[in-house]
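One structure is given below, encoded as structure tokens.
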Amino acid sequence: MMEPEIEQDRANDALEAETLFDAPTMAEQERMVEAVLFASKEPVTIRELMSRLPKGCDALQAVEQLRNRYEGRGVRVVQVGPAYAIRTAPDLAHIMQKETVENRKLSRAAIETLAIVAYHQPVTRAEIEEIRGVSVSRGTIDQLLELDWIRLGRRKMTPGRPVTFVVTPTFLDQFGLESARDLPGLKELRGAGLLENRPPSGLFGGDETAEEQAELFEDADPAQTSG
């Protein structure tokens with residue numbers, strides 16, 4: 001017959017094994033998510049969070065609760081495409097500016113190409129050239145790829161299976177957008193210094209009048225990034 005002490009020890013071991021993989025409390029899950037987002041240089045997806053959190057955690061719920069907790073604070077949890085990041089509250093951006101500013105002026109070809117990709121994605125090189133009315137140099141595409149503002153998308157199911165281009169999470173993060181559906185209008189783009197001169201015909205798919213397009217592409221400042 002088994003000793004009572006041994007039976008109790010085994011019962012305790014069984015109970016410990018059952019609770020070993022219990023998910024942490026939601027408050028603790030929030031703390032874990034907060035730590036990961038704070039330490040990560042790039043936005044983090046729910047899938048990535050799930051891979052880091054203990055088994056049984058609900059990363060999405062933890063993120064949503066953390067977003068609510070940060071409402072009205074100096075920093076907030078924002079969605080960038082399918083990922084999340086901790087960013088400074090927009091109304092406090094002015095106190096985060098550095099005194100030195102590096103001017104980075106994109107060529108007109110790069111500006112027009114970027115705008116076409118943003119508003120017509122997924123779009124092929126041939127389609128970009130058709131909208132612009134002129135050929136697109138490899139250097140223009142390379143510049144936007146190096147900035148990580150566009151990337152290769154899926155190939156189109158058309159003859160030749162041409163590759164397409166789409167904007168990246170880096171592009172969305174630059175403008176505080178959750179998705180490409182939230183792209184700014186022409187006035188906002190001009191205010192950010194991304195648009196200059198006149199847009200090519202069909203650039204924005206007819207969403208704005210020709211008069212508005214012409215006006216918004218005049219006298220724009222060069223694109224700027226904080227140094």
Side-chain angles (χ1 to χ4, degrees), residues 41-48 78-85 102-225:
K41 180 180 179 181
E42 304 294 336
V44 184
T45 65
I46 295 298
R47 182 183 295 274
E48 291 170 334
V78 299
Q79 185 173 355
V80 182
Y84 294 85
E102 173 190 355
N103 290 330
R104 175 180 292 176
K105 183 174 181 179
L106 295 177
S107 66
R108 176 177 179 178
I111 293 170
E112 293 176 353
T113 300
L114 176 62
I116 291 169
V117 173
Y119 286 91
H120 291 266
Q121 65 175 335
V123 61
T124 66
R125 181 172 178 173
E127 290 169 339
I128 294 173
E129 293 177 340
E130 181 180 357
I131 293 172
R132 288 193 66 220
V134 295
S135 62
V136 179
S137 70
R138 179 66 186 177
T140 296
I141 296 293
D142 286 344
Q143 182 183 17
L144 296 176
L145 289 171
E146 289 171 5
L147 288 171
D148 194 27
W149 279 9
I150 68 171
R151 65 174 176 81
L152 297 179
R154 295 181 177 179
R155 291 182 177 273
K156 279 206 168 182
M157 300 300 292
T158 57
R161 298 292 304 282
V163 298
T164 62
F165 297 96
V166 297
V167 294
T168 65
T170 300
F171 176 86
L172 298 177
D173 196 19
Q174 176 74 21
F175 294 97
L177 306 173
E178 290 191 10
S179 71
R181 292 189 299 271
D182 301 317
L183 279 166
L186 297 185
K187 292 183 179 180
E188 292 169 307
L189 287 175
R190 184 179 67 172
L194 278 178
L195 300 182
E196 61 178 15
N197 301 321
R198 294 177 182 270
S201 176
L203 178 62
F204 291 90
D207 292 338
E208 302 283 347
T209 66
E211 182 178 352
E212 288 173 328
Q213 290 179 8
E215 186 247 327
L216 290 174
F217 272 80
E218 293 176 350
D219 304 324
D221 295 330
Q224 297 183 339
T225 56

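Throughout, numbering of the chain's residues begins at 1 and tracks the sequence. The model shown is predicted, which means the values in this text are computed figures rather than measured ones.
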How close do [X] and [Y] get, counting heavy atoms only, and between which atoms?
X      : Y      : result
Val117 : Val123 : CA-CG1, 3.8 Å
Val167 : Ala118 : CG1-CA, 3.6 Å
Thr113 : Arg132 : OG1-CD, 4.0 Å
Pro159 : Pro162 : O-CD, 3.8 Å

Distance in Å, His120 NE2 paired with Ile131 CD1, rounded so as to fall on 0.5 Å steps: 4.0 Å
Got a second to check how far Leu147's CG is from Phe171's CZ, nearest 0.5 Å? 11.0 Å
State which residues pass side-chain contact (heavy atoms from CB on, under 4.5 Å) with Ser135; sequence neighbours excluded, sorted by chain then number. Glu129
Could you pull out all residues at least two apart from Val44 that satisfy side-chain contact (heavy atoms from CB on, under 4.5 Å)? Val36, Leu37, Ser40, Glu48, Leu49
Pairs involving residues 152-163, ordered by first then second residue, that meet side chain to side chain donor-acceptor pair (under 3.5 Å) (sequence neighbours left out): Glu127-Lys156
State, yes or no, whether a side-chain contact exists between Leu152 and Thr164 at a heavy-atom distance under 4.5 Å. no
Is the shortest side-chain heavy-atom distance between Phe165 and Leu144 below 4.5 Å? no
Going by side-chain hydrogen bond (donor to acceptor under 3.5 Å, both in side chains), name the residues that satisfy it together with Thr140, two or more places apart in sequence or in a different chain. Ser137
Checking Thr170 now: which residues fulfil side-chain hydrogen bond (donor to acceptor under 3.5 Å, both in side chains) with it, not counting sequence neighbours? Asp148
Where at least one partner belongs to residues 167-178, residue pairs that pass salt bridge (Lys or Arg N to Asp or Glu O under 4.0 Å), sequence neighbours excluded: Arg67-Glu178, Arg87-Asp173
